[in-house]
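Reading through the structure tokens given below for one structure.
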Number of protein chains: 2
Amino acid sequence: MIRSHPMPSDADERDLCAERLREALSRIDGRWKLAILAHLFESGSQRFSKLERAIPQASQKMLTQHLRELERDGLVSRTVYPQVPPRVEYRLTERGNALKSVFAALDQWNA
Amino acid sequence: MIRSHPMPSDADERDLCAERLREALSRIDGRWKLAILAHLFESGSQRFSKLERAIPQASQKMLTQHLRELERDGLVSRTVYPQVPPRVEYRLTERGNALKSVFAALDQWNA
DNA sequence: CTGAATCCGCACGGATACTG
DNA sequence: CAGTATCCGTGCGGATTCAG
């Protein structure tokens, strides 16, 4: 008989683990995401124009796009203050802050 | 007077740090690198054909290419046994093994 | 001020065929 | 067995323009 829910083999476990890690990495993958996160780590919260001036090499499009992805993945929160001119603040979520330990491990490995 | 070797500002430090982290990440970035590393973590050492069968979704080209990059970056060592048919073994270097702590941190964050 | 929309080039990865 | 070599499609990121 062929099981509809076969026992996961060691190979399956390993491959799934690699896949999950890749998924995790994909959330911080992007030309300017680390730079964005670094600025938010340091300042707690930044409005859009500040980030723009802080990372001048990044185009407006990429900044917006990366911020949207970071927001979608729950690493960054976006707050719009209803006023003119518009004002939007980005800050790290708890999950975003939890990345510190990952970066610490990575930095240590890198040294 | 304009210094030829200006003191690095906090901003410079941060940006450089982000750059270094990105460089570190780039070494494990690649569609199949994590899968390769996972197999090597588990088995210690694998020959090319074994990896090929273990990761059938990856094309031969990508497997070779990623292995070359992992070797160039000092994560994996490549040993050729001069015989016919040829036999090549890949194994993790110390630096490659040291990635375990990074993956552990990443996995914990991911949970 | 904070975006959205569009066009474009290039690098990455996939498919296939060939080689020592 | 363990690769090269080649072609090709897609997606990411950059530059520019428009909008609320």
Side-chain angles (χ1 to χ4, degrees), chain A residues 15 18-19 21-40 43 45-73 75-91, chain B residues 15 18-19 21-40 43 45-73 75-91:
Chain A
D15 291 345
E19 262 316 299
L21 284 179
R22 258 188 62 79
E23 209 182 314
L25 282 177
S26 77
R27 300 201 180 96
I28 55 175
D29 184 33
R31 183 71 186 84
W32 306 105
K33 281 188 187 174
L34 285 185
I36 294 172
L37 292 173
H39 279 275
L40 292 181
S43 56
S45 139
Q46 290 275 28
R47 50 189 302 182
F48 188 81
S49 54
K50 201 90 180 288
L51 284 173
E52 236 183 329
R53 263 171 281 123
I55 317 174
Q57 305 96 330
S59 69
Q60 205 175 34
K61 168 193 170 182
M62 291 319 296
L63 216 49
T64 306
Q65 180 176 311
H66 285 159
L67 283 167
R68 287 294 135 83
E69 291 171 8
L70 290 170
E71 188 194 3
R72 175 193 43 131
D73 295 336
L75 306 190
V76 160
S77 72
R78 179 171 179 267
T79 311
V80 183
Y81 296 88
Q83 59 186 43
V84 248
R87 176 180 161 207
V88 178
E89 291 248 353
Y90 295 93
R91 73 181 61 231
Chain B
D15 291 346
E19 262 318 298
L21 284 179
R22 257 189 63 78
E23 208 183 314
L25 283 177
S26 77
R27 300 202 179 97
I28 54 175
D29 184 33
R31 184 69 186 85
W32 306 106
K33 281 187 186 174
L34 285 185
I36 293 173
L37 292 173
H39 279 274
L40 292 181
S43 56
S45 141
Q46 288 277 26
R47 50 190 302 183
F48 188 80
S49 54
K50 202 90 181 288
L51 284 173
E52 237 183 328
R53 262 172 281 122
I55 318 174
Q57 306 95 330
S59 69
Q60 204 175 33
K61 168 193 170 182
M62 291 318 296
L63 216 49
T64 305
Q65 181 176 309
H66 284 159
L67 283 168
R68 288 292 136 83
E69 292 171 7
L70 290 170
E71 188 193 4
R72 174 192 45 125
D73 294 336
L75 306 190
V76 160
S77 73
R78 179 172 179 266
T79 310
V80 182
Y81 295 90
Q83 58 186 42
V84 250
R87 178 180 161 207
V88 178
E89 291 249 350
Y90 294 93
R91 76 181 59 232

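Proteins get letters first, then strands, A, B, ... in listed order; numbering begins at 1 in each.
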Among all residues two or more places apart in sequence or in another chain, which pass the side chain to side chain donor-acceptor pair (under 3.5 Å) test with B/Thr64?
none
Can you tell me how far C1' of D/dG13 sits from CD of A/Gln65, to the nearest Å?
8 Å
OP1, OP2 of D/dA2 versus side-chain N and O of B/Arg78: anything below 4.0 Å?
no
If I take atom CD in residue B/Glu52 and atom P in nucleotide D/dT4, what distance separates them, rounded to the nearest angstrom?
13 Å
Mind listing the side-chain donor-acceptor pairs of residues 32-39 of chain A below 3.5 Å, one per line with the distance, residues two or more places apart or on another chain?
| residue | atom | partner | partner atom | Å |
| --- | --- | --- | --- | --- |
| A/Lys33 | NZ | A/Asp29 | O | 3.4 |
| A/Lys33 | NZ | A/Glu69 | OE1 | 2.7 |
| A/His39 | NE2 | B/Arg14 | NH1 | 3.1 |

With sequence neighbours excluded, residues passing side chain to side chain donor-acceptor pair (under 3.5 Å) with A/Ser43:
A/Gln46
Flag side-chain contact, heavy atom, 4.5 Å: B/Gln57 against B/Arg31:
no
Separation of D/dA2 C1' from B/Glu71 CD (nearest whole Å)
14 Å
Quick one: is B/Arg47 getting a side-chain N or O under 4.0 Å of the D/dA2 phosphate, OP1 or OP2?
yes
Separation between OH of A/Tyr90 and OG of A/Ser45, rounded to the nearest 0.5 Å:
11.5 Å
Indicate for each nucleotide in nucleotides 15-20 of chain D, in 5' to 3' sequence, whether protein heavy atoms under 4.0 Å reach the base (B), only the sugar-phosphate (S), or nothing (-).
B----B
With sequence neighbours excluded, tell me which residues meet side-chain contact (heavy atoms from CB on, under 4.5 Å) with B/Glu23.
B/Arg27
With sequence neighbours excluded, residues passing salt bridge (charged side-chain N to carboxylate O under 4.0 Å, His left out) with A/Arg91:
none
note: B/His66, atom NE2; D/dA2, atom C1'; distance rounded to Å ~ 17 Å
Can you run down the salt bridge (charged side-chain N to carboxylate O under 4.0 Å, His left out) pairs that involve residues 77-89 of chain B, sequence neighbours left out, and say none if there aren't any?
B/Arg87-B/Glu89
If you round to the nearest 0.5 Å, how far is CD1 of A/Ile28 from NE2 of A/His66?
12.0 Å
So if I take the C1' atoms of five pairs at each end of the helix from C/dC1-D/dG20 to C/dG20-D/dC1 and get each local axis, what angle do the two axes make, rounded to 10 degrees?
40°
What parts of residues 23-38 of chain A reach DNA chain D, counting only heavy atoms under 4.0 Å away?
A/Gly30, A/Arg31, A/Trp32
Would you kindly give the CG-to-C1' distance between B/Leu63 and D/dC1, to the nearest whole Å?
13 Å
Can you tell me how far the CZ atom of A/Arg68 sits from the CG atom of A/Leu70, to the nearest 0.5 Å?
11.0 Å
Where does the chain A footprint on DNA chain C start and end, counting 5' to 3' with a 4.0 Å heavy-atom cut-off?
C/dC1 to C/dC7
Integer-rounded Å distance: D/dC12 C1' and A/Glu69 CD:
10 Å
Less than 4.5 Å apart, side chain to side chain, heavy atoms only: is that true for A/Leu51 and A/Leu67?
yes
To the nearest 0.5 Å, tell me how far B/Leu75 CG sits from B/Leu40 CG.
10.5 Å
For B/Tyr81 and D/dG3, give me the distance from atom OH to atom P, rounded to whole Å.
13 Å
Under the salt bridge (charged side-chain N to carboxylate O under 4.0 Å, His left out) definition, can you give me all pairs with a residue in residues 45-62 of chain A, not counting sequence neighbours?
none
Which whole-number value in Å describes the distance from B/Lys50 NZ to D/dA2 C1'?
16 Å
